[in-house]
Amino acid sequence: MQENEILLKEQLNEVVMKFVIYKPLIAKSAKAGQFVILRGREGGERVPVTLVDWDAQKGTITIIIQSIGKSTFMFNSLKQGDSFLNILGPLGTPVEIKNYGAVAVVGGGVGIAEVYPIARALKEAGNKVISVLGARTKDLIILEPEMKAVSDLILPCTDDGSHGQKGMVTDVLKSVVESGEKINAGFIIGPIPMMKFTAKLMLDLGIEPYASLNPIMLDGTGMCGGCRVSVEGKVRFACVDGPMFPARTIDFDELIRRTGEYKDREKTAVEHYEKDHQCKLGLH
Ligand SMILES: Cc1cc2nc3c(=O)[nH]c(=O)nc-3n(C[C@H](O)[C@H](O)[C@H](O)COP(=O)(O)OP(=O)(O)OC[C@H]3O[C@@H](n4cnc5c(N)ncnc54)[C@H](O)[C@@H]3O)c2cc1C
Ligand code: FES
């Protein structure tokens with residue numbers, strides 16, 4: 001067993017893979033809300049992913065990756081026994097875990113994996129945890145049994161109605177509160193528009209919202225400024241000051257603009273990756 005080695009790989013759905021990796025130092029100090037930066041090979045991109053789980057005794061960390069572009073396609077093609085080139089972490093400020101009373105934990109798509117360690121820590125701190133899991137369709141709802149184990153109430157929903165309530169996480173959250181549930185704080189991780197609208201709804205419902213931001217990151221240590229976001233009218237670095245921030249004053253529109261800046265180059269990188277991949281496949 002060597003450092004950064006993939007001890008277990010599990011496919012959660014067509015585009016999402018779970019990896020258990022040998023990384024004892026990170027496993028020893030990880031906390032809910034933190035992340036690592038991965039590289040697959042020399043010269044490869046630095047990619048931030050959330051620490052979903054860790055086991056200090058076994059020296060393992062668990063990460064879950066959705067294939068969305070060149071680097072994540074490459075990571076998800078690694079096999080059990082392969083190793084990541086390097087894994088930097090734990091990075092970021094852990095989420096403040098305390099007894100808020102009743103909390104809503106809202107995850108969208110792969111954001112369900114990212115919000116899981118927070119739900120678990122909030123449950124351990126004595127909160128009543130109400131989890132709302134949203135995705136386009138049934139297969140994209142991941143970790144439902146794990147989320148159920150750390151929640152008092154679990155409410156899946158899908159855009160197409162193939163699992164749980166038909167509709168969006170905001171519809172579900174609204175009906176929970178209308179049924180008389182008093183929720184004090186909410187933790188949201190998912191696509192940026194989903195976080196924007198969920199945070200707004202939470203404020204309307206008297207719930208204090210927190211959202212985990214996912215700007216482009218490079219060094220992950222506060223040096224490059226690539227991950228800057230605007231919170232309370234101030235510039236903050238998501239990699240060191242976050243990634244979780246109080247959501248009432250986040251400038252989500254700026255975040256949407258900034259994360260979209262490299263769309264064309266990201267598209268070209270995937271096209272080249274797919275072309276290279278097909279060529280190699282053709283040799284066999
Ligand atoms: C703190 C944090 C935690 C994250 N946790 C997870 C996780 O647990 N699982 C998971 O699947 N994804 C996670 N992500 C998102 C993941 O980092 C991006 O999907 C990945 O970088 C995309 O790289 P790519 O080359 O495959 O795709 P690209 O084609 O390069 O990009 C696809 C999209 O991902 C975003 N992105 C690209 N590069 C970066 C970067 N260096 N930093 C941040 N975002 C980027 C962009 O918005 C882009 O539109 C997290 C991001 C952050 C910031
Ligand atoms: S990633 Fe460079 S400052 Fe945050």
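Nothing fancy with the numbering, it's 1 onward along the sequence. Numbering of ligands and ligand atoms starts at 1, following listing order.
Listed by number with element, the atoms of ligand 1 under 4.0 Å from a non-hydrogen atom of Val47 are 17 (O), 20 (C), 21 (O). Of all atoms in ligand 1, numbered sequentially from 1 with element shown, those under 4.0 Å from a heavy atom of Thr259 are 47 (O), 49 (O). Of all atoms in ligand 1, numbered sequentially from 1 with element shown, those under 4.0 Å from a heavy atom of Arg46 are 41 (N). Interface of Glu45 with ligand 1, defined as ligand atoms under 4.0 Å from a residue heavy atom, comprises 25 (O), 30 (O). Close approach of ligand 1 to Pro215 (heavy-atom distance below 4.0 Å) involves ligand atoms 42 (N), 43 (C), 44 (N), 53 (C). Per-residue contacts place Ile65 under 4.0 angstrom from the following atoms of ligand 1 (heavy atoms of the residue considered): 11 (O).
A salt bridge between Arg257 and Asp253 is absent, with no side-chain N of the basic residue lying under 4.0 Å from a carboxylate O of the acidic one. Under a 4.0 Å N-O distance rule, the pair Asp53/Arg120 qualifies as a salt bridge. Salt bridge absent: Lys23 and Glu5 never bring a charged side-chain N and a carboxylate O closer than 4.0 Å.
Side chains of Lys128 and Glu181 form a contact here, defined as non-hydrogen atoms less than 4.5 Å apart.
Aromatic ring centroids of Phe75 and Phe19 lie 6.0 Å or more apart. Two rings, from Tyr100 and Phe187, have their centers less than 6.0 Å apart.
Annotation: Val49 places no N or O atom under 3.5 Å from an N or O atom of ligand 1; distance criterion only.
Counting only non-hydrogen atoms, the option in Val110, Thr50, Leu51, Ile189 that gets closest to atom 5 (N) of ligand 1 is Thr50.
Side-chain contact check for Thr137 and Asp139: no donor-acceptor pair (N or O, by modelled atom type) lies under 3.5 Å. In this model, a donor atom of one side chain and an acceptor atom of the other lie less than 3.5 Å apart for Ser67 and Asn76.
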| task | Mind running salt bridge (Lys or Arg N to Asp or Glu O under 4.0 Å) on Lys70 and Glu45 for me, showing each step along the way? | result | CA-CA 9 Å; Lys70 182 179 170 184; Glu45 216 179 2; over 6 Å; no
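The distance from atom OG of Ser83 to atom CD1 of Ile21, rounded to the nearest 0.5 Å, is 9.0 Å. Atoms OG1 and CE, from Thr60 and Met1 in turn, are 8.5 Å apart once rounded to the nearest 0.5 Å.
Atom 4 (Fe) of ligand 2 has Cys227 SG, Cys239 SG as its protein N, O or S neighbours under 2.8 Å.
In Ile64, the part holding a heavy atom less than 4.0 Å from any atom of ligand 1 is the backbone. When non-hydrogen atoms are compared, ligand 1 lies under 4.0 Å from the side chain of Glu114 (C-beta onward) but not from its backbone.
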